[in-house]
Amino acid sequence: MQVVDMFCGLGGFSAGAIDAGATVILGADKDSVPLKLWAANVPGGRATLATLGKDGDAIELPPPSPSIHVHSSPPCTDLSPARNGSVHSAAAADVEGGVRMLRWALDLVLERGDHSWSMENVSTPTTRTVLAEYAARFPGCVGYATLDAAEFGAAQTRIRLIAAPPKLIKLLQEMPSARRVSVRQAFANDGLEVPATHFKNQTRNRDGTPCVRSVEAQSFTVCASHALTWCDREGKTHKVMTACESAVLMGFGRAWRLPKGSRNAQRAVGNALCVAMSKAIVQAAVALRAGAP
């Protein structure tokens, strides 16, 4: 199967597609920094610098075919609860812009008549309402589900809203839960040692103590705005995770190139789709093409 990765960023979906045995033929994004790295990480793929959306640049996509899977990850910053703590705190114009991009991505594949497609975004009341509307209008074409990347073998809890043809969504929901992968195991898989026994995020418990987990557990969600922090069991800081360490938790291989600069690299990694979930989506698409019910 060949894959088109829209809003490709650093290439989380592309990495999972490659792991699933697919050939990624095109990646499109408006930011040249991650796009250039996407091109370096995806040999043979055509990188296209374009502003996507209703009033964006014209982009030439391959014609719809059972052997083509089109994925899109429209920007979720304006819709994410991580933005200022709540989606309701975002400006109405920002939320409207996020919803507009969501609708554009759905309209694109429906108007093209793509046989195989997927879309990823944050799962909020706003995004779920949009998907429920499309599922009601196009019951045989649009399905959706809120899924956790941990169920597919990711080393972190990462909840995402996935839209796709109903049969593909059904296959994802029927996939056996993968064995839970701890932070220590994720690092060991890459031949790395964890630098501390615990880690924490930016939140606190009701008693004011930091939210801490052992490296024997799964990670908190990797965010674009700030990295997790290595610490001891009491929460005493050891050091902030590097972008390369965050990339391990996202499922990127050690050879996957990241942007220069810790802030740019963390943003690119945290905005990516988890590789394990991407792989599962493409595996489901391949199974459907092969005749899965």
Side-chain angles (χ1 to χ4, degrees), residues 10 12 76-91 94-95 120-128 146-161 177-252 254 258 261-277:
L10 187 62
C76 61
T77 305
D78 296 331
L79 296 168
S80 174
R83 185 188 193 273
N84 300 324
S86 168
V87 69
H88 299 296
S89 67
D94 291 339
V95 174
E120 170 260 344
N121 215 282
V122 293
S123 182
T124 69
T126 300
T127 56
R128 292 193 297 272
T146 296
L147 302 171
D148 185 354
E151 294 291 332
F152 302 99
Q156 63 173 304
T157 301
R158 194 174 187 86
I159 307 297
R160 284 295 181 269
L161 182 66
S177 294
R179 182 180 63 83
R180 294 290 169 138
V181 178
S182 69
V183 169
R184 185 187 295 280
Q185 184 60 55
F187 274 67
N189 290 344
D190 272 4
L192 301 172
E193 294 286 340
V194 290
T197 59
H198 293 72
F199 56 94
K200 60 183 178 179
N201 61 13
Q202 301 293 312
T203 63
R204 290 188 171 271
N205 298 306
R206 291 184 178 180
D207 61 2
T209 58
C211 291
V212 175
R213 287 185 185 176
S214 165
V215 295
E216 311 305 334
Q218 287 181 307
S219 170
F220 298 108
T221 300
V222 174
C223 296
S225 57
H226 47 262
L228 300 173
T229 302
W230 298 108
C231 63
D232 63 19
R233 65 183 304 166
E234 282 75 38
K236 183 178 179 180
T237 296
H238 176 63
K239 72 182 185 74
V240 176
M241 283 192 187
T242 66
C244 289
E245 290 169 336
S246 295
V248 171
L249 300 180
M250 288 293 293
F252 287 105
R254 294 177 67 180
L258 307 180
S262 58
R263 183 166 297 182
N264 287 337
Q266 182 64 36
R267 184 182 300 114
V269 170
N271 279 330
L273 179 56
C274 205
V275 174
M277 180 172 279

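Closest non-hydrogen pair, D232 versus V212, comes out as O-CG1, 4.0 Å. The nearest pair of heavy atoms linking S219 to L228 is OG-CD1, 3.1 Å. Here the closest heavy-atom approach between residue A196 and residue C231 is recorded as CB-O, 3.6 Å. Between M250 and A272 the shortest heavy-atom distance is CE-O, 3.3 Å. Scanning both residues, V248 and A186, for their nearest heavy atoms gives CG1-O, 3.7 Å. Of all heavy-atom pairs spanning N271 and A224, the tightest one is OD1-CB, 3.4 Å.
Of the possible donor and acceptor atoms, none in the side chain of D190 sits under 3.5 Å from a partner among the backbone N and O of L192. N205 places no side-chain N or O within 3.5 Å of a backbone atom of D207 that could act as its donor or acceptor partner. Judged purely by atom type and a 3.5 angstrom limit, T127 uses its side chain to pair as donor or acceptor with the backbone of V122. In this structure, Q266 contributes its side chain and G261 its backbone to no donor-acceptor pair below 3.5 Å. For the pair T221 (side chain) and T157 (backbone), a donor-acceptor distance under 3.5 Å is present.
Rounded to the nearest 0.5 Å, atoms CG (L258) and CZ (R267) are 13.5 Å apart. Note that CZ of R233 and OG of S214 are 8.5 Å apart. Values are rounded to the nearest 0.5 Å. Note that OG of S225 and CD of Q202 are 7.5 Å apart. Values are rounded to the nearest 0.5 Å. Annotation: the span from T126 atom OG1 to N121 atom CG amounts to 10.5 Å, rounded to 0.5 Å. Rounded to the nearest 0.5 Å, atoms NZ (K200) and OG1 (T237) are 3.0 Å apart.
Using a 4.5 Å heavy-atom threshold, the side chains of F220 and T203 count as separate. T209 has its side chain out of reach of E234: every pair of non-hydrogen atoms, C-beta onward, lies at least 4.5 Å apart.
By the neighbour-count criterion of 12 heavy atoms within 6.0 Å, atom CZ of R180 is densely surrounded, having more than that number from other residues, nucleotides or ligands. Around NZ of K239, the count of heavy atoms belonging to other residues, nucleotides or ligands within 6.0 Å exceeds 12.
For the side-chain contact (heavy atoms from CB on, under 4.5 Å) test with L147, the passing option among M277, R158, E120, R160 is M277; the others fail. Applying the side-chain contact (heavy atoms from CB on, under 4.5 Å) test between F199 and each of V183, V194, L249 identifies V183 as the sole match. None of E245, H238, H198 except one satisfies the side-chain hydrogen bond (donor to acceptor under 3.5 Å, both in side chains) rule with W230; the exception is E245.
Looking only at atom types and distance, the side chain of E151 has a donor-acceptor partner in the side chain of S177 under 3.5 Å away.
Among residue pairs with one or both ends in residues 212-227, those qualifying as salt bridge (charged side-chain N to carboxylate O under 4.0 Å, His left out) are R184-E216; sequence neighbours excluded.
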